[in-house]
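Source: prediction; values computed, not measured. So you know, we letter chains A, B, ... as the sequences are listed, proteins then strands, and number each from 1.
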Protein chains: 2
Amino acid sequence: MAARNKVLPLADLFPNGVFEANCPSRVVLDHVTSKWGVLVLVALDGRTLRWSELRRTVEGVSEKMLAQTLRTLEADGFVLRDAHPVIPPHVEYSLTPTGRELVDLLLPLFRWIVEQAPSIIG
Amino acid sequence: MAARNKVLPLADLFPNGVFEANCPSRVVLDHVTSKWGVLVLVALDGRTLRWSELRRTVEGVSEKMLAQTLRTLEADGFVLRDAHPVIPPHVEYSLTPTGRELVDLLLPLFRWIVEQAPSIIG
DNA sequence: CAGAATCCTATACGATACTG
DNA sequence: CAGTATCGTATAGGATTCTG
């Protein structure tokens, strides 16, 4: 008796697992949902941006936080840092294949929030 | 020449808009991606939970943060608080229709992160 | 049981200045 | 240009206590 292909509640699929304090997913979740994580990732959707472009695109991000966010996302394998050894420096950021998978899941969420936000915040 | 139904990069659909510092979406995004926001929302997927169940389910959340997170999510219209006026108190939390929409978008992301996390953190 | 109130601390975050 | 280093603060967040 094969189970139906019904989508089960997450709680049933991962009894206790994903809500455990030391579940590895919490670390990645924290990185992605960090203050600037989603914005930086979405900003890189479908394009390559230089440091300064990224800084200007994601309004309000400080240099420190942009650097920190990019380092984390690069270490997680979501963002590719491509530094050209020229003077003045030229560094390009883009999504890795894994990063693209992630952003593909992030975009519907982000679009929905953008659409709903005005009526929620008013 | 009607444009193709191609999914355009977000940056093209919302030139500058969504990355503006005062875009309303930032507020909602902050609420959802707050430290415990995603976890609480996902915990309520497909079920109703009492305060204490929620507290035990989402391991590590303090009473203060659970209360704060629930209040925010309720104010945003994602979570329904149903208080039964009995002694001792009995309060149930569940998703509103809007909350269910949100969680439907959150779940694929969360599942993906749960699956990828071990190899990323490892 | 379901929180609110209080207190306290870590650290996330920003502003500024500096550098290869 | 693309960052790093330093410093200072706000506030997010936790532990504890209290209460209807």
Identify, between A/Gln68 and B/Glu92, the residue whose nearest nucleotide on DNA chain C lies closer to the 5' end. B/Glu92

Between the base of C/dA4 and the side chain of B/Glu63, is one N or O donor paired with an acceptor at under 3.5 angstrom? yes

A/Leu66 CG to D/dA2 C1': how many Å, rounded? 10 Å

Using side-chain contact (heavy atoms from CB on, under 4.5 Å), reason through A/Leu39 and A/Phe110 one step at a time and then give a plain yes or no. CA-CA 9 Å; A/Leu39 254 17; A/Phe110 189 64; 3.8 Å; yes

OP1 or OP2 of C/dA2 under 4.0 Å from side-chain N/O of B/Arg50: yes

Would a hydrophobic clustering, with Ile, Leu, Val, Met, Phe, Trp and Tyr connected at side-chain separations under 4.5 Å, put A/Ile113 with B/Trp112? yes

So which nucleotide from C/dG14, D/dT4, C/dA4 ends up closest to the side chain of B/Arg71? C/dA4

Check A/Glu92, A/Glu63, A/Arg81 against A/Trp51 for a side-chain contact (heavy atoms from CB on, under 4.5 Å) and give me the one that passes. A/Glu63

So, is A/Arg81 near the phosphate of D/dG3, with a side-chain N or O under 4.0 Å from OP1 or OP2? yes

D/dG3 C1' sits how many Å from A/His84 NE2, rounded? 16 Å

First encountered from the 5' end of DNA chain D, between A/Ser52 and B/Met65: A/Ser52

Report the nucleotide, chosen from D/dG14, D/dC1, C/dA2, that has the shortest atom-to-atom distance to any side-chain atom of A/Pro88. D/dC1

A/Val91 has its side chain closest, among D/dA2, C/dG14, C/dG3, to D/dA2

Considering all heavy atoms of both residues, which atom of A/Phe19 and which atom of B/Val42 are nearest to each other, and what is their separation? CZ-CG1, 3.9 Å

Given that A/Pro89 and A/Lys64 both sit by DNA chain D, which one's nearest nucleotide is further toward the 5' end? A/Pro89

Separation of C/dA12 P from A/Lys35 NZ (nearest whole Å): 13 Å

